[in-house]
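Sharing a structure below in C-alpha cells format, with a few things to ask.
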Amino acid sequence: MTGKQMKIVLQMVSGYGGEFKTWRLPEAKADAYTDMDFYVEMAQLAEKGKLHALFMADTPALVNDLTNETPMHSMDPLIAMTSVARATKHIGLVGTFSTTFNESYNLARHLKTLDVISHGRVGWNAVTTSTPATAANFGTHLKSSRERYGRAHEMIEAVQGLWGSWGEAAYLHEKEAGQFADMSKIKPIHYKGNYIQTAGPLPIPPSEQGQPPIFQAGPSSEGIRLAGRFASGVYANPFTIEEARDYRNALRESAVAHGRSADDIKVFTGFMFTIADSKEKALARRRAVLEFDKEELDQRLSYLAAMVGLNFQGIDPYQPLPKNWLKLAQPNPYDPRSPRALEVLKEGYSPVDTLAHGVINYHPVVIGTAGDVANFLQEWFEAGATDGFSIVPDLAHDGVSAFVEQVVPILQERGIFHEEYEGATLRENLGVPYQYGIRNED
Ligand SMILES: Cc1cc2nc3c(=O)[nH]c(=O)nc-3n(C[C@H](O)[C@H](O)[C@H](O)COP(=O)(O)O)c2cc1C
C-alpha cells in the first residue's frame, strides 16, 4: 500500500441526488423514491467502486414542498438499509437515527440486528435533530440544545450498554450439550439517566465487528464534545479548506481529551458534483435544472446579488457582469460561500452560470470533468482538511456510475484511494478500533 488514503461514502438522499429538481432530467428514473431495486442497484455500483459505505441522512418529517421537488430523505432509512444489506457483501451502511426522537431499546435492537445480518457493516449517525416538524410528529416541541445533547450522551451510553449486555462468548447454540446460550454472560444494564432509563439485556449476540461504530453531525461545541467521546466518523459541511481544517483539528483534540487517539475520528466532508465530458456540458446540465423553476431561479439570482453586494435588477443574467460592477462587488462576510461566488463571477461567468457552479449549494460543488472532481478531492485531502468525503451526485442515476467508473480509477492511480476493501467489516474498512459495549473512559 502507498501513503494515506481517503475514505469515501455515498449519500443516497431519497433515490435521486443532492439537487431536488434533477428528477426531471431525461436520465432520471422518476419513481426512484419508492423503488428499492434502484437503491440496491446504486449500492452494488458503489460497492464495485469500493466506496466505504452508503450514508443515509434522515429527518422523520416532511421538510420540503413536494409539488415539484423530490423528498430530502428516503422513505425509511432502516428499511432501505436492510434491503441493501441483503444484496451487497462489502459496502458499509451508515444510517442517521435521532438521539432525541427514539427510544434506546428500539434503536439498539434495530441497529444490532442489522449489524448481525449484514455481517458487521452498519454504522449509526447519532444526531440530535433540530427540526420543529419532527418534534411535532412526536407530540412535543423542540427542547434546548443543552437538553438535546444531554439526552444524546445518555442515548449513546444506553444503546452501547445494551449492545454489550449480551456477552461476547454467550452465544453457544450447541445441540449436543443442549445449551443455546450462556445466561451467566447475558446481564441487564439497569441504565438510569436523567433522560433515558432501560433495563436490558438485549438478546442479540455481537456481529463480526462487535457493534456499529458511531458517527455524528452537528458542529457546535457540544457536538464536538459528543463526537470526541463517541464518534468514529463525523459528517461535516465546511465550505473552505481552512474552515474544514480547523473543524477537523477541534474534533481530533476532542478525541484526545476523551482518552482516545486523534485518528480514531474520521471526518467525512460533504461534497456535491456534476460530471460531464467537459465543463461546458456539466454547466449546461445545471442550467437546465435551474430553468425548471424560473421563480426559484429569480430568487436565487437575488440571493447571489446580495452575496456579492450588488443589485442585478435590469441586467441580463445570462451575460457576464460588466467589469466596473465587479470592481464594486464585496463578498458578504455572513455567508462563507460568498468569496467563491464572487470568484466565479470574476472569472467571467454570467450570474446564471455562477449559480450553475453550485455556489449557493449546501456543500462545496464541482461542476466539470472526472479529472476536475479528482483534483478537488485530492486538494482537500492533502491539505489535511478531511479524512474523506460524503459524496452527493446531483443525480444518482448517472452520477454514481460516473464517479465509480471515471473518478475512482484516477484516485486509485494517484494512490490516494484503496483498490480493495481492507477487511470484511465497516470498522476494518474505516480503520477504527474494535469496540463492544461501553468504552471504559478511565
Ligand atoms: C452535516 C450535517 C448533517 C446533519 N444531518 C442530519 C440528519 O440527517 N437528521 C437530523 O435530524 N439532523 C441532522 N443534522 C442536525 C443535527 O442533528 C443537529 O441537530 C444540528 O446540527 C444542531 O446541532 P449543533 O448545534 O451541534 O449544530 C445534521 C447537521 C449537520 C451539520
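Remember, it's a predicted structure, so these values are computed and weren't measured experimentally. Each ligand, and each atom within it, is numbered from 1 in the order the structure gives. Here, residue 1 is the first one in the sequence, and each next residue gets the next number.
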Exercise for review: Classify the angle between the aromatic ring planes of His90 and Tyr421 as parallel (below 30°), tilted (30 to 60°) or perpendicular (above 60°).
Suggested key: parallel
Point to revise | Nearest-neighbour protein heavy atom for atom 21 (O) of ligand 1, which is reported as residue plus atom name and distance | key: Gly218 CA, 3.6 Å
Exercise for review: With heavy atoms only and a cut-off of under 4.0 Å, state how Asp58 meets ligand 1: side chain, backbone, both or neither.
Suggested key: backbone
Review point. Considering only heavy atoms, which of Val234, Thr128, Leu142, Asn125 lies nearest to atom 19 (O) of ligand 1?
Key: Thr128
Check your understanding: What atoms in ligand 1 come closer than 4.0 Å to a heavy atom of Arg148?
Key -> 19 (O)
Check your understanding: Between Arg245 and Glu242, is the closest basic N to carboxylate O distance under 4.0 Å?
Key -> no
Point to revise | Any N or O of Tyr149 closer than 3.5 Å to N or O of ligand 1 | key: yes
**Study point:** Note: Glu422-Lys7 ion pair, threshold 4.0 Å (strictly below)
**Key:** no
Revision key, fill the gap. Candidates Ala126, Pro60, Ser130, Pro219; heavy atom nearest atom 20 (C) of ligand 1 found on Ser130
Point to revise | Geometric cation-pi criterion Arg24 and Phe292, 6.0 Å radius, 45° cone | key: yes
Practice item. Identify, for atom 4 (C) of ligand 1, the protein heavy atom at the shortest distance, and state residue, atom and that distance. Key: Ala217 CB, 3.8 Å
Point to revise | Proximal ligand 1 atoms for Thr59, defined as those under 4.0 Å from one of its heavy atoms | key: 9 (N)
Revision key, fill the gap. Here the atoms of ligand 1 under 4.0 Å from any heavy atom belonging to Ser220 are 24 (P), 25 (O), 26 (O), 27 (O)
Practice item. Verify the ring-centre separation between His397 and Phe38: is it less than 6.0 angstrom? Key: yes
Point to revise | Heavy-atom nearest neighbour of atom 10 (C) of ligand 1 within options Val63, Thr134, Val127 | key: Val127
**Study point:** Pair Asp37 + Lys29, salt bridge at N-O below 4.0 Å
**Key:** no
Check your understanding: Quick one: do Glu296 and Arg300 make a salt bridge, cutoff under 4.0 Å?
Key -> yes
Review point. Which one of Thr269, Thr129, Ile224, Asn237 has a non-hydrogen atom at the shortest distance from atom 11 (O) of ligand 1?
Key: Thr129
Check your understanding: Under 4.0 Å from atom 8 (O) of ligand 1, do we find at least one protein heavy atom?
Key -> yes
Review point. Got a donor-acceptor contact below 3.5 angstrom from the Gln5 side chain to the Gln412 backbone?
Key: no
Point to revise | Enumerated ligand 1 atoms positioned under 4.0 Å from heavy atoms of Ala57 | key: 8 (O)
Practice item. Answer with yes or no whether Tyr362 contacts ligand 1, where contact means a heavy atom under 4.0 Å from a ligand atom. Key: yes
Review point. With under 30° as parallel and over 60° as perpendicular, where do the rings of His418 and His52 fit, or are they tilted in between?
Key: parallel
